Amino acid sequence: MSRTFYITTPIYYVNDVPHIGHAYTTLAADVLSRYRKLQGYDVHFLTGTDEHGQKVEKAANTAGETPLELADRVVKRFQALWEKLDISYTDFIRTTQERHKQGVSHLFEKVMKQGDIYLGEYEDWYCTPCETFWTETQLIDFKCPDCNRPTEKLKEESYFFRMSKYQEQLLAHIEANPDFIQPKSRRNEIIAFVREGLRDLSVSRTSFTWGIPVPGNDRHIIYVWFDALANYITALGYPDQSGDFGKYWPVDVHLIGKDILRFHAVYWPTFLMAAGLPLPKKVFAHGWWTVEGQKMSKSLQNVVEPNMLIDRYGVDAVRYFLLREVPFGLDGDFSHAALVNRINSDLANDLGNLLNRSTAMINKYFDGIVQKPEQLEPIDLAHLKKTSAMVDQVETCLTELAFSKALQAIWETISAGNKYIDETAPWALAKEPAKVERLGTVLYCLLESQRIVHTLLSAFMPGTAAKALAWLGTDGAQTDAALQWGGLVPGTKIIKAEPLFPRIEDKPEL
Ligand code: MSP
């Protein structure tokens, strides 16, 4: 039986159209999925949309639509973007689907029956945009501590989840599993938050109707975060444990942005504990993108539209840039100048030139036919070692979700390739008939290293890597074995590469 790998993105609210922040999480999940698939894992990659709740209801009212009409319209925007961004998800869940609604009702009822959800009364400060209640002491000038917008005092009958009961159990779990919440700084924040004390959580609302009713009391709508978080298991068929749920749960990693960590690292695990289900293996919170130094916002009109970026720069350049520019756990700044710079220096210059030079030489000197490598000299062995070390480094980095470091390791091998050409000077070897075998060996090492580079890059830049691998005479079906030195078969015909990434001369402003 093959090893499984289950990865998720947050499900996106349909009251907003997709922007670069959404694309970022989904892209990261795609890269990990593709990489694990390459290694032979049975990968399940889930994304989707969060369609219930007051926020969506309000947006629909404003747009003069029903919430479902709004959702049907916006969900297409997400799906079209994922296609354009080359996202290889296995399942797409919408919280308005029957499979989800049934799973959520079941989960709620199960926790209620065992006594961890009870009916009570609520009076607190509510922030509608964040769908979050705050105590008075948490407010800053009576404004929401997260978004700084005004809050209102609400009193309502509500169902409560006994989150306080799970405080110690959750702390013990976090402490016993250092990798559970990543990166470390975020883990520390959560530990501090839990230590301050968990209050029981209001898990139903009576102030609006767009959502899943509480089983047995449909005056109450299940709190949108209880509803949304459950998507990670309802998509697997929960409560039916026999199919995908049995196969893929617990999830290997929930990828999320830092703003929704508390929901994933405190609420969700305690819901699962109450339901007697295993906890996620890892929750990783990435940083946020600003744009040209400013917060991205509709009012500033600086929201970066991924479709526009892809049209202008190409999908793989965008994929590369987003994961290379900023370490995954940290905040980063998007600028067109930085993107153009990466395209010109890393992609056109380093990656593209190396492939052009190598495939041109094998065509010039051997009609494109890969020669059998003879005795390897120290300089060849060094290049081989560098390439194999890269494969190990990428494995370590991607296990830690250090995408940028993984790409850095790949680019070190690419630079080493360019240097290897300069040092072995194939054009000089070509002038001496006695050195023909040596020339064949050098070109073998050069091409073989790039075959492995592009095999790894197929996770990051699938379209580009597929082209490069085809020119290198390797078919698209990649497996773990493709990462071993020696896969390039003598006699293979190499095609002279076309430029992978043309240089961009202008530096357009937003
Ligand atoms: N619906 C909830 C998630 C429920 S998951 C059970 C939600 N949706 S969202 O559409 O508002 O946000 C989804 C993701 O986009 C979050 O992980 C958030 O961090 C991410 N981003 C939104 N803006 C972002 C940036 N400017 N930069 C990076 N990521 C950002 O929250």
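Side chains are part of it too, since the values below use all heavy atoms of this structure and drop only hydrogens, waters and symmetry mates. For ligands, and for the atoms within them, numbers begin at 1 and follow the listed sequence. What you are looking at is a predicted structure, and each value in this text was computed from that prediction instead of being measured.
Of the listed residues (E168, E175, E189), just one forms a salt bridge (charged side-chain N to carboxylate O under 4.0 Å, His left out) with R195, and that residue is E175.
Distances below 4.0 Å separate heavy atoms of G257 from the following atoms of ligand 1: 17 (O), 19 (O). Heavy-atom proximity to H286, at under 4.0 Å, picks out these atoms of ligand 1: 28 (C), 29 (N). Residue D50 has at least one heavy-atom neighbour below 4.0 Å for each of these atoms of ligand 1: 1 (N), 2 (C), 4 (C). For ligand 1 and A228, the ligand atoms under 4.0 Å from any heavy atom of the residue are 6 (C). The contact set between ligand 1 and M296, taken as ligand atoms under 4.0 Å from a residue heavy atom, comprises 26 (N).
Residue contacts with ligand 1 include G287, since one or more of its heavy atoms lies under 4.0 Å from the ligand. Assignment of Y232 to the shell around ligand 1 is supported, since a heavy atom sits closer than 4.0 Å. Using 4.0 Å as the threshold, W225 has a heavy atom nearer than that to some atom of ligand 1. Residue-ligand proximity: H264 is placed with a non-hydrogen atom under 4.0 Å from ligand 1.
At distances below 3.5 Å, at least one donor-acceptor pair connects side-chain atoms of K55 with backbone N or O atoms of P129. Using modelled atom types, one side-chain atom of E57 and one backbone atom of W210 make a donor-acceptor pair closer than 3.5 Å.
Residue I11 places at least one N or O, backbone or side chain, under 3.5 Å from an N or O of ligand 1. Looking at Y12 next to ligand 1, no N or O pair under 3.5 Å apart turns up. Remark: ligand 1 and I260 share no N or O pair separated by less than 3.5 Å (distance only, no angle test). Of the polar atoms of Y13, at least one N or O is found under 3.5 Å from an N or O of ligand 1, judged by distance alone. The shortest N or O to N or O distance between W288 and ligand 1 is below 3.5 Å. The distance criterion of under 3.5 Å between nitrogen or oxygen atoms is met by W289 with respect to ligand 1. Between K258 and ligand 1, no pair of N/O atoms sits closer than 3.5 Å.
For atom 20 (C) of ligand 1, the closest non-hydrogen atom on the protein side is G21 O, 4.2 Å. The protein non-hydrogen atom at the shortest distance from atom 15 (O) of ligand 1 is H22 CD2, 3.6 Å. Protein heavy atom closest to atom 23 (N) of ligand 1, with residue, atom name and distance, is H19 CE1, 3.2 Å. Here the protein heavy atom with the shortest distance to atom 18 (C) of ligand 1 is D259 OD1, 3.3 Å.
R36 forms a cation-pi arrangement with F5, by the criterion of a distance under 6.0 Å to the ring centre and an angle within 45° of the ring axis.
Aromatic rings of H220 and F108 (six-membered ring for Trp) have centroids beyond the 6.0 Å cut-off, not under it.
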Given the rule in the side-chain hydrogen bond (donor to acceptor under 3.5 Å, both in side chains) test, do E156 and S158 qualify, once you have shown the distances and angles that lead to the verdict?
-> CA-CA 6 Å; E156 56 178 39; S158 171; 5.2 Å; no
Show your working on ring pair (Phe, Tyr, Trp, His ring centres under 6.0 Å) between F284 and F328 and close with a plain yes or no.
-> CA-CA 9 Å; F284 193 107; F328 196 54; 5.3 Å; yes
Evaluate the criterion side-chain contact (heavy atoms from CB on, under 4.5 Å) for residue pair T464 and F501; output intermediate values, then yes/no.
-> CA-CA 9 Å; T464 302; F501 293 92; 3.5 Å; yes
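At a threshold of 4.5 Å between non-hydrogen side-chain atoms, the residues H454 and L500 count as touching. With contacts defined as side-chain heavy-atom distances shorter than 4.5 Å, the pair H336/L309 qualifies. Residues T47 and F78 have side chains not in contact (no heavy-atom distance under 4.5 Å, counting atoms from C-beta outward).
Classified by interplanar angle (parallel below 30°, tilted 30° to 60°, perpendicular above 60°), the ring pair F263/Y267 is perpendicular.
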